[in-house]
Protein chains: 2
Amino acid sequence: MLFLNEGEIIRNAASDKLRRLRRDALDILSKAVEAVDPKKAVQRMLKIEGKFLKTADIELDLERFNRIFVVGGGKAGVPMAEAVEAILGDRISDGALNVLEGAETGSSLTKIRLIGASHPIPGESGVRGVGQMMSLLTKTRKDDLVIVLISGGGSSLMTYPAGDVSLSDVQFLTDQLLRRGATINELNAVRKHLSVVKGGLMAKLASPASVLSLILSDVVDDPLDTIASGPTAPDQTTFDDAIEVLKKYCFWGNASEAVLRRLGKGLRGEIEETPKTGDPIFKRVYNVVVGSNLTAARAALRRAEALGYNSMLLSTSMEGEAREIGIILAGLAKEVRAREYPVEPPAALILGGETTVTVGGDGVGGRNQELALSASTKLEGMDSIIASLATDGIDGPTDAAGAIVDGSTMNKARSMGLEVSRFLDNNDSNQFFSRLGDALITGPTGTNVNDIMLILVVD
Amino acid sequence: MLFLNEGEIIRNAASDKLRRLRRDALDILSKAVEAVDPKKAVQRMLKIEGKFLKTADIELDLERFNRIFVVGGGKAGVPMAEAVEAILGDRISDGALNVLEGAETGSSLTKIRLIGASHPIPGESGVRGVGQMMSLLTKTRKDDLVIVLISGGGSSLMTYPAGDVSLSDVQFLTDQLLRRGATINELNAVRKHLSVVKGGLMAKLASPASVLSLILSDVVDDPLDTIASGPTAPDQTTFDDAIEVLKKYCFWGNASEAVLRRLGKGLRGEIEETPKTGDPIFKRVYNVVVGSNLTAARAALRRAEALGYNSMLLSTSMEGEAREIGIILAGLAKEVRAREYPVEPPAALILGGETTVTVGGDGVGGRNQELALSASTKLEGMDSIIASLATDGIDGPTDAAGAIVDGSTMNKARSMGLEVSRFLDNNDSNQFFSRLGDALITGPTGTNVNDIMLILVVD
């Protein structure tokens, strides 16, 4: 059972119809999260058939390989590694994997060493872990296979500054660029050129071995060069770009000597660029997304269809201000009800992505709860529910994973003396849903493929 | 030809594929606007068959009626009246209709008198026009039919304050409530209780005659009690609500004596309430939406299907911040391209509604142009177009009706030295699209059913 407060949420329903909708919603969302369980996702994607190691699109002849190494890092590292050991067992020669501090103990792994690393601020133990990976990778030969396990948080967990650049240089620079409003792509352009593994450099270190990268995507649209800063993907940015970013955010004068020296050398061609699309090393690199928002959304779609809903997956790229998206989702629900577009009731519309909250108030909330709260204001009286769920179980700095609202939410809030607009204005969605008992509580799920939003509408 | 700059927009295409997409987009959008031409919309909905006057759902036996009167008001009044005269001709006994100042001359109408009234600030000539309608309506009998023509702007054009309340009282109060952040529903609760025709009172005046109200909807979701303040629809608000609104916005002490006196009398039951759902007068009132956003969106859908696109109408309730909706539409386009959801390319997704712009900059733009500009930032390199169009031809205080963007827009802007983010930050979308030549120019179309947004994606 994914939802710890499932009974309460269902009991909270104001009518039989809404009770059925709530139960179905929790059922559908559970299937979505289950589909991206890291261990199951790897086991579903990776199989041995005869002498072949297979994924959906790739077949690797295991007899070609002398040794198999496993490296990588991310918050889902342990279960992904357990799946790989369960599949390949003693064929694995050695492995080193950076995982969240505390997660390195208690696993059943025998071949792959786990190194606990700090997150989100990178630390020294993470650097040592990457050091262990490097010593494995530098001794690989053409008849070796390197399996790289990548999941959310991998960028921090696998921080290893290049050359003279120090860990505190990278920390300071990351912090400053984020404060000055740099985008994730701008930040990555800089970080990739100050790292030994990001921006395709891990694939380069592994060369001439073959590389199979198994990726659990925590970035909307699954851009391989962005997830964990793309250790095995062609980099699209250059030293020149990195310098432009520092200049744009007026940081060129404030970066450390070591950073400036490295970027300057890169610009003059004294340090090799990160590998680009078309680089021959990528001929033997296979990047495979084992789980993503699409995986979860499709599982939700299948379950909704099985439950008898006219079901549609609309998008896995929803981004933008949470409260705006909430209004739009309520608009979609109203459209189904009033005009039977895009499908007729009973209808299930499934969306994925990750919204943001521009914080103006001092309340406690999360993007999924704020989205749901906003949606509730336009849903009054309808036999419809909207639920929004963080697949990692953590919606902002709250103990909830999201929230569920329906056509009776406004009325219930009024009867409890809660003014929805006040909670919304104060970004206090968690306080609101805790009072109502309609926060979705899962605890950490051990996976992360962003958020799933669900709309159910019946006649 | 709806688009005055059609040739330029098509020539602006960066490739053959995009040229075809642009041509198809203009074609599809043209059909959408054509479908809500007020004259055609009335003629499509209203027909005489034998002795019956018919709409899609209603059949009125013309032999039952002794006289037919035509009243009402709105920006689309003239063509709607022309359609009604073309259908009913000499069966019409008399009529009075408030239209935009200047539009009252030059029509071919012979039975229905046109009165030019000021808009958006209501004026004395509009009051006189409503007076003419009242003198028609007060003499109706049970065997009469009153046809009411309602379209956007009707609320201002048909202002006639009740009792001692003056025109300037209503003007001042409307202005103050809007400045203080009252919603349209709150404002209407007040206005309906200070008027002789709003809030169902026109239907009451017409009683015991039958009433056929033909409505061109300029409000998202077609709420009959909101369009032109609902002259022939049951009112859901009360004198009590009106007073609460004034109190909420701290206006109770500042309203004029006449306003306070009237609302107070209403509260004490000394003035009759506006007619509510279930009031017997509505047994003989037929409200028919002849054209709405849905009409336009469906026409776009049919044309897109005919052009060979896998087509889907997603919503006619899109509301929210224009730049956020733009991002969401681009996300839908990316989803079609990358994962073939909700349909596979060649795909046409159609949406309707009306967005808003929170103005932070001092540029010149409109909601449709800002939506398109924002969408362009996420569309780069794709064989996809996004277009957003105000069906009235007027997008904010600009001479454009909207804009069209595609996967080459960002690149073209760069080559012209235009920085998209700067135009977006400054709400300067019209300046941007004027430079690019991708503003959609139609001039006033004479109709208004909010906005239509179109996404086309090919492989």
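First the proteins, then the strands, lettered A, B, ... as listed; each starts at 1.
- Between A:E186 and A:K248, at least one side-chain nitrogen of the basic residue sits less than 4.0 Å from a carboxylate oxygen of the acidic one, meeting the salt-bridge criterion.
- Note on A:R337 versus A:D383: no salt bridge recorded, every NZ/NE/NH1/NH2 to OD/OE distance being 4.0 Å or above.
- For the side-chain contact (heavy atoms from CB on, under 4.5 Å) with B:T355, the qualifying choice from B:N368, B:L371, B:V220 is B:L371, the only one to do so.
- The part of A:D222 that comes within reach of chain B is its side chain, from C-beta onward, which places non-hydrogen atoms under 4.5 angstrom from that chain.
- Applying the 6.0 Å contact sphere to CZ of A:R422 captures no more than 12 heavy atoms from other residues, nucleotides or ligands.
- Between atom OH of residue A:Y286 and atom OG1 of residue A:T55 there is a gap of 10.0 Å, rounded to the nearest 0.5 Å.
- Counting heavy-atom pairs closer than 4.5 Å to chain B, the top residue among A:I327, A:D221, A:V336 is A:D221.
- Interface remark: A:L329 contributes no atoms to any contact with chain B (heavy atom separation under 4.5 Å).
- Of the two parts of B:I350, neither the backbone nor the side chain holds a non-hydrogen atom closer than 4.5 Å to a non-hydrogen atom of chain A.
- Of the listed residues A:S317, A:G353, A:A330, A:A297, the one with more heavy-atom pairs under 4.5 angstrom with chain B than any other is A:S317.
- Looking only at heavy-atom pairs under 4.5 Å with chain A, the residue among B:E321, B:R323, B:M318, B:K378 that has the most is B:E321.
- The side-chain contact (heavy atoms from CB on, under 4.5 Å) test with A:L379 is passed by exactly one of A:T409, A:I385, A:V457, A:I386: A:I386.
- Chosen from A:L294, A:L349, A:V343, the residue pairing most often with chain B at heavy-atom distances under 4.5 Å is A:L294.
- The residue among A:T316, A:L351, A:L314 with the most heavy atom pairs within less than 4.5 Å of chain B is A:T316.
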